[in-house]
Structure formats: structure tokens, C-alpha cells
Undergrad: 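What follows is a single structure, and I will ask about it in a moment.
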Amino acid sequence: MRYLPLTDADRREMLSVIGASSIDDLFRDVPETARLAGPIAGLPAHASEIAVERQLSALARKNLAAGDAPFFLGCGAYRHHVPASVDHLIQRGEFLTAYTPYQPEIAQGTLQVLFEFQTQVARLFGCDAANASMYDGSTACWEAIGMARRITRRTKAVLSAGLHPHYVSVAQTMARFTGDVLDTAVPELKDGAPGDDMARLLAAIDDKTNCVVVQNPNILGHIADLSELAARCHEKGALLIAVVTEPVSLGAIRSPGEMGADIVVGEGQAIGVGLQFGGPYVGLFATREKYVRQMPGRLCGETVDASGKRGFVLTLSTREQHIRREKATSNICTNSGLCALAFSIHMTLLGEKGLRDLAAVNHAQAVLAAERLSRVPGVSLVNGAFFNEFTLRLSGEARPVVRAMADRGILGGVSLGRLYPDAAALANGLVVAVTETSTAEDVETLAQALEEELA
Amino acid sequence: MSINASGWRPELGGHEQDEVSTFTGNRALMLEEALIFERDNFNGTGVELPSAPKAAFRLSGLERNRPIGLPGLSEPETVRHYTRLSRQNYAIDLGVFPLGSCTMKHNPRLNEKMARLPGFSDIHPLAPVSTVQGALELIDLVGEWLVTLTGMQAVAMSPKAGAHGELCGLLAIRSALEARGDARSVILVPESAHGTNPATAAFCGYAVENIPATAEGRVDLEALKARLGPDVAAVMITNPNTCGLFERDMIAISEAVHAAGGLVYCDGANFNAIVGRVRPGDLGIDAMHINLHKTFSTPHGGGGPGAGPVVFSAALAPYAPLPFVEKQADGFHLVEEETAGEHHAGSFGRMVAFHGQMGMFTRAATYMLSHGADGLRQVAEDAVLNANYVLRRLDDVLDAPFGGSGPCMHEALFSDEGFPDGFSTLDVAKGLIDEGFHPMTMYFPLVVHGSMLVEPTETESKAALDQFIGALRSVAERAKAGDASLKSAPHFAPRRRLDETAAARKPVLVWREPEQAIAAE
């Protein structure tokens, strides 16, 4: 019991101070029928550090780590190189083992980081303000729809066909309970074009619409100018919500805020956090100044202390559950503080210069990979414009190809059959992400494997 | 009471600190640190990347041409910036962090090491399941432990934090009620509940009504029974509750709610007090979330990430969310939308992209295996012992409103009763900061005036508790004596009391170039 410092002598002495005859005496309010006499059956007893490490390492070895294979998976989670200092710094105990900064005088470290994080996110997204993070992109996306409902007092949301299908699923789950009406669609595989989604969105906006939700780059990797969509939304009194699942893209392409989006949400995982099999990630949330009081989640703000020195505090908490209870803007409490720290440190190391360079490497390598892979017989490129992720149309179903390549130790992309099991028209689609961690040799390995599997 | 074992204490030379000023504003190891935006590093960077190969860009005219305004620092500057900032934080690694209901216990470093094994940290959530069998097995392992420890029937692993777990539980409850054609409209919540409870219930479309507490600080069973009826969907109960007390009538509460056709949600934030000693399943509970960062020692990280798996009774198991892991003869499978139709048609759907907080599952698994069934029982016992020790050592100087209601569980509750006019819980909290401790939870639960909720956790030694008790006793005595210097505490923290009213009145949420700020006036 290496984490329990009390000795038996301590325990005896403390019981006598308390005036209890035994530990059991302290649990006397538990109904007798629910008291357990000893350790719960069916679970092992305590184990040494060596034994635990051995057991977990054995489990870890049953997985194929991305770093040990040619790796091309994206669709909402991206593998980027994270500088060593990021992980070192987030493991400092003063960050790792601190709590939400409820006592600001002794939490200025966390609070200043959050203030810097909010500024970085707002600038990256081209917005006025950002919050101190959400759980992840998918929940941030749903929270944004709820915020649009509160602002416009309308209940219809129009979701782009290019929005990540998991994000759509989350919104559909929640909408069933809140009564929101969601207008959704499944993407199309049109070679060289993003399909008719933009026309659909423009046509769907009406006087009942609270928002349009559009992802850029979208689930197939297409990128689009959102300006016309934003203008149409504003004309009809609706908000434009833009979703960014690959924030590195914003080192190369125009931010949603610049294109007129009112709320920009995103998944920050790509910067600083790592893959981690889906979590913990970090939801990014930014908006216009006029809407900040409708934002969900924690916000850090600048103020002064009693001696006039600048300091930071959590602020506008009258929006939040611990004050407003059933009238809060969201039930969110804990956010993703440590992942926000990792994001912020990585972004500080990159700076605008590094971010732009990183985006350029990603894009250039993706362009070359798309060119190489579309020369494979039976493969064509679906995208015209894209950032670091594109969709290939294969001559057969992509799902068995992905599985067969995995058996050969190649993680070759995400099949649209996995994401859209009911959409037969998408079954031949394979989404391939290429980042600075992919090498030309990896691309060549993938090209040859595709050629063999499709032959 | 001395503040340390040797009895030595520093000479403070009066209450106000020495007002000698320095050129830098620094005070020796207390270092001021500018914002990254205030350094004129907008062209800098701390990374070196491979150069981009030659390729014809395919960005269709969407290039980002305008400056973004993100400063870049070299690695040495970055390491120093964040290291200096870190030193302005209090943390469990520095001392007792008795924040009631938040459970700040030691975070074992083996957890961190295991979570960073590439086989766990460097795998993609959409990787073919044949390549992530170990990860699915780990999720299944943590789920099995949670089900066994709680005596429940099923577990949903995907909720991202406690409040997200509450949402999961209530969505399952609403789905179950709708499935039997019995839409109900009200959720009953005790006055002492966490704010997330009513917020979650309201989000799910329910009206929220309060259940009164008895003078003993527990749910008033008779009042609850009187309110139950065909409109009550569920009762949300925190057990042990936020006054630090075990709900003695829990079984009777569950029976009454079930008899009236409702369901019982338990806020499991305080499961750490009873893990290994009581199985919530034996108390008639239908759904309960477990904050892995409270009971199972995953780090709080300055405000998350958490993880809030939810355990379910047989009545609610069919409605659990997607995705989930299923063990079959040929290995571990991930049940997603595609395969759910066959045998999990009642699921209320997906509540998050991917599968939940894998990084937290790895840490929690490490903690569970380290402690084992016997160690986890000891965890609850020591947590309860430590809290009762604090309660009894301080109830002569601080009012313990429920001190007569029997032993407390994992946390000890005090009130501001007996403080002279002008002295409040806030002053005691800020005084504790000067003594080198993080304050207890203040003004929560709402049922007690000037609440001070102290949760020591099981990872504090008796010596550490004695130091903390001595400090809190001293500060409480100063408050009662009307010591004016307490009103301006903290004196020795990196900042004096911060003006939260001003921050909210005119929010400054991002840094702006000074000339812009002036232009905006």
C-alpha cells in the first residue's frame, strides 16, 4: 500500500482521538445489509510497482503504435510530432496536480496559461474571444448549437454533410432530448469536387434556422470558402458555426472567423496532445465579443489585486452550474485543463512562423502523396482542394482493404465504410491523412500495398 | 501546536510583509512573468521542421495571408516561461489540498508512466480493431473493476467527466421511461447537491425540485415520500452526501422511488469514501457516475481532463450509450452504430466522438491494480479516518453543524457560526493561504452558512494532518478574535486578493496590443 502513509499506530491513535472503537464504527451509518465484511471478491489483491508495470506493458504491446507503422489515419484525430519539452512541462507537479483555480492568489500559473491559451485560440480561429476549453471537439460542437439556440431562440440547426459523422451522432443524441430539429445529410463521393453540400446549406437556411454547422476542412478533406454561407446566415438571422478538427490547417488556410463565422469550435488534439486512442482531447471554443456571456465553460479574465498588480481569475461564472444551477448555460464543470496547457505550450513553441511552416510541410507532403496514390491502378482522387487529408475512391470496398493492410502492419487510412456503414455509395472511399510524421517511404509502402490489395 | 515537528517557525516581523521594492518586481524565488504576447516574439519559433518538399499547392485561393499574431519562443524561453508560471500554483505535490468534494489525493507517478507507453498513447481511435486489442482489453478491464466494485450490471465508459456522466445517466433514465411510455417531468435534487445535478437535469428537459434536508444534514425521507408521484422521473442523490454524511436511509429512499415508478441516480463524486466497503448496487441505485480523477487518482491537471464512467442497474443497462467494448470468443470488439442495431437497439446513442478518456483509463487501471481489492478498501477507511480526525480535532474551535450526527465520511463540514461581524469563511480561506495550505472548499454545500468543507484524503500522513489542523486552528482563532490582518490576507502569495467583481464587470478575456485596447475605450 505504497500510497497510504498512515501506520497502524497512527490509526489506533487517531481512533482514540475520535472516540471510535474501530474503523467499522466510523461506517456505522451504512445499513447493515450493505456492509461488506472484507475485500470484494473477484478482484486481485494489491500489487508491486514491478508487477503492475509488467501487466500493463503486456497489454500495451498488443497494440500497433502509430510510430511503429506507416500511418495515415485522420478523420478527427491527427498524429503530429510533439516537442519533448511539452510533455516534460505538463508533468510538472504544480500543473499536473493542481485543481481548477478557485483560489486565484495561488493559481496564477494555471490562470495565466488559460489567458494565453484563450488568446492563442481566438487568434488561430479569427475570433474575438475563446473559453478555457471543453471536453473535445464533438461536445464543443453540440454546445455551440445549444448556444445558437439560446441566442436566436430558434430550434432548427442545419448540419453540413461534411461534418464529422461522430459529431453529427452526438448532436442527434442530444437533440432527441432537447427538441432541436437537425437537418443532416451524408456526403457524396464526386471526383474533383466537394459535391452539392454548399448549395444544400444555402437553400436550407430559413427564418427558423438558428445555425448552420460546417466543418473546414471537412470529413473528406475538402476545404471551402465560407464567406457566402456566413452572409446568407446573417441575412436570415442565423449563426454560422464552423468546426475545425485539424487546427494545423489554420497555418495555411484562412480562419473561419475571417470568413464570417460567429462561433468557431474545434478539436485541439492535433497540437500538443497526441492520439491517445480518442481521449483525453481538448475542445476549442471561440466566438464574437457580443456573445461571450452566452458561452459555455470556464473563462479566465484579467483583473488587478488589492495592491494594483495585474492578475487573472475565473470570470463570468454567473453563467455556470455552480452558481446558476438549473439555469446555467451548460452543465460542464471540469474541462480539459492539462490538454489546454499542452496545446498552449506546443503553440508557444511553434509561434506563427512554426505553425505556418508546419502547415506548409503537411500540405506539400499531402499533395505529393495524393499524386502518388492516385497513380495506383484502381485509385482516384476525390478532392480538388485539400489541406493534409484527402479522399481516394478505390475500385472496390475500402474497408476490407484497410483491414488487410492492417494485417500487414500498415495503417493506411480510415475507410468511409467504417464511418458510414449504411451508405453504400461511400463504401469505396478511403480517407488518407498525411502529416510531417509521414515519410516518402511510408507513402511508397502504402501505394504498393494498395496496388497489391486492389489487384 | 507547532507548525512543524521541530517546533521551529520563522520570525515574521509583524503581519505586513516588508515593503522593500525591487527593480524587477520579483521577490527572490517569487518571479513575475510577462505574457508570451508581451515579448515581441511574433517572428520567433522554438521548432525546427523538415523543409517542405516542392509541390503545387492545392488550397484553391484560401491561403491565410493576414498575420495571425501568435508569438513563438525558443525552447529555453518556453521551458523557463512555463516553469516560472508553474511556481505560482499550489498543488498536491506541495502540500495538503483539502478541497472538499474535489478529492485532491496523491497522483502516483506510475500512472503517468503507464499512460505514456506508446501502445496506449500513440494509437488512433479509428485504427482497425485488430491492431488495438490491448487497448480494448484495458477499457474492458477498467469497466469490469468498476462494475465489480459498485455491484452494478453494466458500465458506460465514454463520458468525459463527472457532469458528462450525469448527463449519460439521465439520458438513460429518460430513454428507459420513454421506452415504457411513461414520460415524466420532474427530477428531485437535494439542496446540498452539486450544481451540476440541477444543471444536467434541466438540460435533459426536466423541471428540478429541491428535496429538503433534515436537521441532521440528510435527505428528509418523509418529505421525499410525500413528493413522489407519477410525475417524478428520478431522484438524484449524492451518497455520501456533500455534508460528508452517509445517507442512512438510502435503501428506503430507493425503495420508495422505485415503488412510485421512478429511478435513482447517484452522484458518485464521493465514491472514494466507500470504495471497497459498500457497493452502491446494494443500495438500490440505478445509475451512478464515477469521477476517475477523484476515486481512482487520475490527475486534476488544473481543471481536467476528468473521466466519468457510469455504472447501470439491469433496468438501465439496455439504454447505455455507444460505443462500448464487448469481449467475444475471437477477441475484443467495439460495438458502434453499425453493430448496435442487432443486440443493443435501446441505446440512446453516442454522446462523444470516439471511446472516452483512454489516457485516464490507463491511469485508473494502474491505480486499481496497484491497490487491489484490499488496498481500495483501505483507501476508503483511511480517507474516512483522516476526515473524522480533522473533525474532532477542530470542532472545539470551529462549529461543526452536523458533528453530532455521528461520524462523517470522507470530509468534515464546518460553518462560520461564532465569527464576529465582518469576518467570514473567505477570510479564513485566505489566511490559510498565508500558512502555506490550499484552503478547503468554501460556501459549499449551500445548506450551511459559510460552509468550510475539508477533505483530507487518505494520502495524507498524520504528521501532515497535524500541521494542517494547527494552521486552521490558528487562523480560526484569529478570525474569532477579530484579527484585522486576516481581512487583507493573503499577504505572502504571488498575488493579494484579486478583484473578481471588476473582472466580471468589464471582461478582458484575451490579450490585445495596447494601442488596440486604448482604441476600444
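Chain letters run A, B, ... following the sequence lines, proteins first, then strands; residues in each count from 1.
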Undergrad: Name the region of A/Ser133, side chain, backbone, both or neither, that has any atom closer than 4.5 Å to a heavy atom of chain B.
TA: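 For A/Ser133, no heavy atom lies under 4.5 Å from chain B.
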Undergrad: With a 4.5 angstrom heavy-atom cut-off, is it the side chain or the backbone of B/Leu171 that approaches chain A, or both, or neither?
TA: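 Contact with chain A: backbone and side chain both.
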Undergrad: Heavy-atom distance under 4.5 Å to chain B: side chain of A/Arg11, backbone, both or neither?
TA: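 For A/Arg11, heavy atoms of backbone and side chain both lie under 4.5 Å from chain B.
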Undergrad: Using non-hydrogen atoms and a 4.5 Å limit, figure out which bit of A/Leu15 sits close to chain B: side chain, backbone, both or neither.
TA: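 Answer is both: backbone and side chain atoms of A/Leu15 are under 4.5 Å from chain B.
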Undergrad: Checking B/Leu94 against chain A: side chain, backbone, both or neither under 4.5 Å from a heavy atom?
TA: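 For B/Leu94, the contact with chain A is made by the side chain alone.
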Undergrad: Under a 4.5 Å heavy-atom cut-off, does chain A meet the side chain of B/Ser51, its backbone, both or neither?
TA: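 It is the backbone, since no side chain atom gets that close.
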Undergrad: Between A/Thr315 and chain B, with a heavy-atom cut-off of 4.5 Å, which part of the residue counts as in contact: side chain, backbone, both or neither?
TA: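 A/Thr315 touches chain B through side-chain heavy atoms alone.
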Undergrad: With a 4.5 angstrom heavy-atom cut-off, could you sort out which part of B/Asn386 is near chain A: side chain, backbone, both or neither?
TA: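 Interface part for B/Asn386: both.
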Undergrad: Of the backbone (N, CA, C, O) and the side chain (C-beta and beyond), which part of A/Glu13 lies under 4.5 Å from a heavy atom of chain B, both, or neither?
TA: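 The side chain, not the backbone.
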Undergrad: At a 4.5 Å cut-off on heavy atoms, which part of B/Ile68 comes close to chain A: side chain, backbone, both, or neither?
TA: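 Contact with chain A: backbone and side chain both.
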Undergrad: I'd like to know whether B/His293 forms a ring-ring contact (aromatic ring centres under 6.0 Å, His included) with B/His300, so could you lay out the CA-CA distance, the side-chain angles of the two residues, the decisive distance to 0.1 Å, and finally the verdict.
TA: CA-CA 6 Å; B/His293 48 292; B/His300 286 67; 5.2 Å; yes
Undergrad: Using heavy-atom distances under 4.5 Å, tell me whether B/His124 contacts chain A through its side chain, its backbone, both, or neither.
TA: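 Contact with chain A involves both backbone and side-chain atoms of B/His124.
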Undergrad: Under a 4.5 Å heavy-atom cut-off, does chain A meet the side chain of B/Met104, its backbone, both or neither?
TA: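 Only the side chain of B/Met104 comes within 4.5 Å of chain A.
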Undergrad: Is it the backbone or the side chain of A/Ser169 that comes under 4.5 Å from a heavy atom of chain B, or both, or neither?
TA: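 Both backbone and side chain of A/Ser169 come within 4.5 Å of chain B.
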Undergrad: Under 4.5 Å heavy-atom distance to chain B, tell me which part of A/Met14 shows up: side chain, backbone, both or neither.
TA: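 Both backbone and side chain of A/Met14 come within 4.5 Å of chain B.
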Undergrad: Taking side chain as everything from C-beta outward and backbone as N, CA, C, O, which of these in B/Pro53 sits under 4.5 Å from a heavy atom of chain A? Side chain, backbone, both or neither.
TA: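 Both backbone and side chain.
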Undergrad: Where does A/Val414 contact chain B at under 4.5 Å (heavy atoms): side chain, backbone, both or neither?
TA: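 Only the side chain of A/Val414 comes within 4.5 Å of chain B.
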Undergrad: Quick check on B/Leu117 against chain A: is it the side chain, the backbone, both or neither that has a heavy atom closer than 4.5 Å?
TA: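 Contact with chain A involves the side chain of B/Leu117 alone.
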Undergrad: Please tell me whether A/Asp136 and A/Thr139 have a donor and an acceptor in their side chains that are separated by less than 3.5 angstrom.
TA: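 Yes, a side-chain donor-acceptor pair sits under 3.5 Å.
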Undergrad: Could you look at A/Ala122 and say if it's the side chain, the backbone, both or neither that has a heavy atom under 4.5 Å from chain B?
TA: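 For A/Ala122, side-chain heavy atoms alone lie under 4.5 Å from chain B.
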Undergrad: Give, as side chain, backbone, both or neither, the part of B/Leu49 having an atom under 4.5 angstrom from any heavy atom of chain A.
TA: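 Contact with chain A involves the side chain of B/Leu49 alone.
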Undergrad: A/Leu341 versus chain B, heavy atoms under 4.5 Å apart: side chain, backbone, both or neither?
TA: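 For A/Leu341, side-chain heavy atoms alone lie under 4.5 Å from chain B.
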Undergrad: Between B/Arg64 and chain A, with a heavy-atom cut-off of 4.5 Å, which part of the residue counts as in contact: side chain, backbone, both or neither?
TA: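 Answer is both: backbone and side chain atoms of B/Arg64 are under 4.5 Å from chain A.
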Undergrad: Can a side-chain donor-acceptor contact be found between B/His438 and A/Gln103 if the only test is distance below 3.5 angstrom?
TA: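 No, no side-chain donor-acceptor pair sits under 3.5 Å.
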Undergrad: Please state whether the side chain, the backbone, both or neither of B/Pro67 comes within less than 4.5 Å of a heavy atom of chain A.
TA: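 Both backbone and side chain.
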Undergrad: How about B/Tyr90 and B/Phe97: are their ring centroids closer than 6.0 Å?
TA: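 They qualify: ring centres under 6.0 Å apart.
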Undergrad: At a heavy-atom separation under 4.5 Å, does A/Leu299 approach chain B through its side chain, its backbone, both, or neither?
TA: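 For A/Leu299, the contact with chain B is made by the side chain alone.
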Undergrad: Does any heavy atom of chain B fall under 4.5 Å from the side chain of A/Cys75, the backbone, both, or neither of them?
TA: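 For A/Cys75, backbone and side chain are both near chain B.
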Undergrad: Given that the side chain runs from C-beta out, which part of A/Leu411 has a heavy atom under 4.5 Å from chain B: side chain, backbone, both or neither?
TA: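 Contact with chain B involves the side chain of A/Leu411 alone.
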Undergrad: Checking A/Leu89 against chain B: side chain, backbone, both or neither under 4.5 Å from a heavy atom?
TA: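 Looking at A/Leu89, just its side chain touches chain B.
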Undergrad: Is it true that A/Arg254 and B/Glu63 have a side-chain N and a carboxylate O under 4.0 angstrom from each other?
TA: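 Between B/Glu63 and A/Arg254 there is no salt bridge, as every charged N stays at least 4.0 Å from the carboxylate O atoms.
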Undergrad: Counting only heavy atoms closer than 4.5 Å, note whether B/Lys54 contacts chain A via side chain, backbone, both or neither.
TA: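 Contact with chain A: backbone only.
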Undergrad: Report which part of B/Ala135 has an atom under 4.5 Å of a heavy atom belonging to chain A: side chain, backbone, both, or neither.
TA: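 Both the backbone and the side chain of B/Ala135 come within 4.5 Å of chain A.
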